[in-house]
Amino acid sequence: MPEPVFDLEAVIKRRGFLWRSFDIYGGAAGFYDYGPLGTAMKNNIVRVWRRYFVQREGFAEIETPNIMPEEVFRASGHLDKFNDVMLECSKCHEVFRAEHVINEGYLEITEEINVGSLALEDIGDLITAKGVQCPMCKGEFRPPYEFNLMFSTTIGRNKTGYLQPETAQGIFLNFQSLYSYFRGKMPFGVAQIGKGFRNEVSPRQGVIRLREFNMAEAEVFINPEERHYKGFDKVKDTNFTLLDQHGALHYLTADEAVAEGVIRHQALAYFMALTQGFLIEIGIDEERLRFRQHEKDEMAHYARDCWDAEVLIEINKKESWIECVGIANRSCYDLEQHMKTTGADLRAFERFEEPIEQEVERLKPDLRLLGRTYRNDAPKVREYLGSLSPPFPGRITMELNGGTVEIPKEFYTIEKRVEKVSGRRYIPAVIEPSFGIDRILYAILQHSFHVGKAREGVDSESYTILKLKPEIAPFKAAVFPLFNRAGMSELAKRVYDSLVETEMQVTLDDSGSIGKRYARQDEVGTPYCITVDHQSLEDKTVTIRDRDSTEQVRIRAEKVPEIIHLLVSGGIEFEELRNPESGGSD
RNA sequence: GCGGCUGUGAUCUAGCCUGGUAGGAUCGGAGCUUCCCAAGCUUCUUGCCCGGGUUCGAGUCCCGGCAGCCGCACCA
């Protein structure tokens, strides 16, 4: 007996969901193509995502380049964090980060060495000079090598650029324009759907670890002082399965989780709730979904706190929890970094309800005296004095030309005056829900895949159904003429054409037995099949079949687009069609 | 990146040890059957991962590459 061919991977490839990229050239690890059905399904997922994370939240969606200049990633910290110098033992082939080997006691040095600032050769020399050996087996190290997780490229003639490892930076860089787009109203959110690129060492889990992947991210800018998040009340009763950073499992509502400090910010809990609702709506099995908090040493360099939505799927014959969404509190990190590097003002303004009158002290230098005394150094002294902020010390000293000088009291006066302060500036904190679209799509396929027993007389042993949610399914409906006989084909084509005029994706199939055609559609998750039969020719009715119950109801042919649309959008349930008043039979 | 195993039509596989250019099943196309849940019959399309070597001759043996799986490492 042959092995059952109806295994999910086979369906994914044969029916056109996902294909290995560059296949005729032997393929390349970490790259996948979306086939026609996969593309349709991905578009459907993205459509629902937009509804959740753009429309309903009132967020804005933007698009920024995939390639960015080096400076961006130097500021964002990705350059340091993604470029590790690695050392491999020539004997046991154990690999270490040079930074660890050099700074963690293997070397007889007192001060920390900033490994990131050393050239490759210098690190090699250092290793050789100090005779550092492999901590595991005392073997000799091979020469160090650079390990880049970002793809580098060249912009123009000789400017280094990188392919973005996340879409977030494009949003941060536009903070000023976005802030004014939202007319200075906080909080606000900005979404971007795009590609991320990471040059993984050995991506070996199919579509789970890609070198070029699809992501949908939202950056939500909030006031870091604000502990509440608007709309939290709406989600406070959401039930979570939470695995905290100490490995403790909690079953809590959003409200409880925040109150007990398991989730440390309302905004995090809010987007976790939104994420959970979204994932379940598009077909992730609730039982195979949980949130796991990152451990301290696991967190990205920019994150202060992070919860991953994880789905349980089978990879390489093993069940594992896979991160498919990360919901991070990035704090002020990114804006602060870009502000420091560029000098651009990436702050928001918080207007006080009432302007505050406060007494401020100001240091007012006597410029004439400064000039006469310090001559050419006077501007330096003036600048230094201007940089001081209250409270001012009794004696003011500064470094000048290698020595320390005291600025005599008569060189300045301290003025007190009342100022009206109408608000304050602050760097917003960022809450970021970040979705791995490819992983989500694959998890949905696994969670939707059902294998049943084939009927008597059928050659294959199993019958497979992809129980996709209608709004996610690549085809919403398929149209079949029962026979290719006078009238039926034409009517089927007319019904099909009427469906094509809607936004819905549909297919027409007149090849093979009727059972085979139902099976084809079940295999790719088409929720509804329309069949034109003998009776159709007499009274212009057709049957509509529900994928999961295989039940059939007869409806008028001209109502097909409307009814399919209602079924797909959740406007009516299939069962309701049995009631003639809903527009069903006769 | 290291070590082990593997690589046959769209899919699953037989053949490889004991060299003589490939067989099955599924899928797909066309037709018959006038078929409402992968029935049956006829017929057709598509294949030895790539390159080199050994040999009269290589899917089969050898070497290199690429890819996949397992283990180690890596996965912000």
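Proteins come first, then strands; the chains are lettered A, B, ... in the order of their sequence lines, and each starts at number 1. In what follows, every heavy atom counts, from backbone to side chain, and hydrogens, waters and symmetry copies are set aside.
A:Asp497 has no carboxylate O lying under 4.0 Å from a charged side-chain N of A:Arg494, or vice versa, which leaves the two without a salt bridge.
Straight-line distance from the CD atom of A:Gln337 to the C1' atom of B:A76: 15 Å, rounded to whole Å. With rounding to whole Å, A:Asp308 atom CG is found 13 Å from B:C75 atom C1'. Protein atom CZ of A:Phe197 is 18 Å distant from nucleotide atom C1' of B:C75, rounded to whole Å. Taking atom CG of A:Asp548 as the reference point, atom P of B:C37 lies 18 Å away to the nearest angstrom. Spacing between atom CZ of A:Arg545 and atom C1' of B:C36 amounts to 9 Å, rounded to whole angstrom units. In this structure, A:Gln521 places its CD atom 18 Å from P of B:C36, rounding to the nearest Å. When the P atom of B:A76 is taken as reference, atom NE2 of A:His301 falls 12 Å away, rounded to whole Å. The distance from atom CD of A:Glu295 to atom P of B:C75 is 14 Å, rounded to the nearest whole Å.
Interface residues of residues 472-483 of chain A facing RNA chain B, ordered by number: A:Leu482, A:Phe483; criterion, heavy-atom separation under 4.0 Å.
Pair assignment for B:A25 gives B:U11, based on Watson-Crick or G-U wobble hydrogen-bonding distances that are each under 3.5 Å. Pairing of B:G57, defined by two Watson-Crick or G-U wobble distances under 3.5 Å, is not identified with any nucleotide. Base pairing analysis places B:C35 opposite nothing; no Watson-Crick or G-U wobble pair with both distances below 3.5 Å involves it. With a cut-off of 3.5 Å on both pairing distances, the Watson-Crick or G-U wobble partner of B:A67 is B:U6. When Watson-Crick and G-U wobble pairs are counted only if both distances are under 3.5 Å, B:C48 pairs with no nucleotide at all. Base pairing analysis places B:C16 opposite nothing; no Watson-Crick or G-U wobble pair with both distances below 3.5 Å involves it. The partner of B:A30, taking Watson-Crick or G-U wobble pairs whose two distances both stay under 3.5 Å, is B:U42.
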Checklist entry - Could you walk me through whether A:Thr64 and A:Gln192 pass the side chain to side chain donor-acceptor pair (under 3.5 Å) check? => result CA-CA 8 Å; A:Thr64 62; A:Gln192 175 151 224; 3.0 Å; yes
Checklist entry - side chain to side chain donor-acceptor pair (under 3.5 Å) between A:Gln293 and A:Asp244: does it pass, once the steps are laid out? => result CA-CA 5 Å; A:Gln293 188 178 28; A:Asp244 73 21; over 6 Å; no
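When the side-chain nitrogen and oxygen atoms of A:Arg520 are compared with OP1 and OP2 of B:G28, one or more of them lie within a distance under 4.0 Å. Checking the phosphate oxygens (OP1, OP2) of B:U11, a side-chain nitrogen or oxygen of A:Lys13 falls inside 4.0 Å.
Residue A:Gln552 is classed as a base contact, given a heavy-atom separation below 4.0 Å to a base. Within the 4.0 angstrom heavy-atom criterion, no nucleotide atom of any strand lies near A:Asp23.
Rounded to whole Å, the P atom of B:G65 lies 28 Å from the corresponding atom of B:G15. Distance noted for atom C1' between B:C16 and B:C5: 16 Å (whole Å). B:U45 and B:G28 have their C1' atoms separated by 9 Å, given to the nearest Å. A gap of 24 Å separates the P atoms of B:C49 and B:C2, to the nearest Å. B:U43 and B:U6 have their C1' atoms separated by 36 Å, given to the nearest Å. B:C44 and B:G3 have their P atoms separated by 49 Å, with the value rounded to a whole Å. Look at the C1' atom in both B:A14 and B:G59: the space between them is 12 Å, to the nearest Å. B:C72 and B:C12: their P atoms are spaced 27 Å apart (whole Å).
Not counting sequence neighbours, A:Arg304 has no partner by the salt bridge (Lys or Arg N to Asp or Glu O under 4.0 Å) test. Under the salt bridge (Lys or Arg N to Asp or Glu O under 4.0 Å) criterion, A:Glu323 pairs with no residue, sequence neighbours left out. Under the salt bridge (Lys or Arg N to Asp or Glu O under 4.0 Å) criterion, A:Lys467 pairs with no residue, sequence neighbours left out. Every residue meeting the side chain to side chain donor-acceptor pair (under 3.5 Å) condition with A:Ser536, not counting sequence neighbours, appears here in chain and number order: A:Asp533. The salt bridge (Lys or Arg N to Asp or Glu O under 4.0 Å) test applied to A:Glu551 returns A:Arg578, not counting sequence neighbours.
A donor-acceptor contact under 3.5 Å is not formed by the side chain of A:Arg547 with the base of B:C37. In the interface, the side chain of A:Arg14 is not paired with the base of B:C27 through any donor and acceptor atom under 3.5 Å apart.
A:Phe221 and A:Phe175 have their aromatic ring centers within a separation under 6.0 angstrom.
Nearest nucleotide to the A:Thr550 side chain, out of B:U11, B:C36, B:C37: B:C37. In this structure, of B:G29, B:A76, B:A39, it is B:A76 that holds the atom nearest to the side chain of A:Ala300. Taking every side-chain heavy atom of A:Ser513 into account, B:C35 is the closest of B:G28, B:A10, B:C35. Of the listed nucleotides (B:U11, B:A76, B:C36), B:C36 has the atom at the smallest distance from the side chain of A:Thr543.
Figure legend: A:Arg545 and A:Tyr518 shown as a cation-pi pair, the cationic atom lying under 6.0 angstrom from the six-membered ring centre and within 45 degrees of its axis.
The residue among A:Tyr518 and A:Ser511 whose nearest nucleotide of RNA chain B lies closer to the 5′ end is A:Ser511. A residue-by-residue look at A:Arg517 and A:Met299 shows that A:Arg517 has its nearest nucleotide of RNA chain B further toward the 5' end.
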Provide a list of protein-nucleic acid N or O atom pairs under 3.5 angstrom, restricted to nucleotides 65-71 of chain B.
residue, atom, partner, partner atom, Å
B:A67, O4', A:Gly26, O, 3.2
B:A67, O2', A:Arg20, NH1, 2.3
B:C69, OP1, A:Arg204, O, 2.8
B:C69, OP2, A:Arg204, O, 3.3
B:C70, OP1, A:Asn316, O, 3.3
B:C70, OP1, A:Asn316, ND2, 3.3
B:C70, OP2, A:Asn316, ND2, 3.1
B:C70, N4, A:Arg204, NH1, 3.1
B:G71, OP1, A:Lys318, NZ, 3.2
B:G71, O6, A:Arg204, NH2, 2.8

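Residue pairs satisfying the salt bridge (Lys or Arg N to Asp or Glu O under 4.0 Å) criterion with at least one member in residues 162-174 of chain A, sequence neighbours excluded, are listed as follows: A:Glu166-A:Arg330. Applying the ring pair (Phe, Tyr, Trp, His ring centres under 6.0 Å) definition to pairs two or more places apart or across chains, those involving residues 316-335 of chain A are A:His301-A:Tyr333.
Listed for the A:His447 side chain is no donor-acceptor partner under 3.5 Å among the backbone atoms of A:Leu445.
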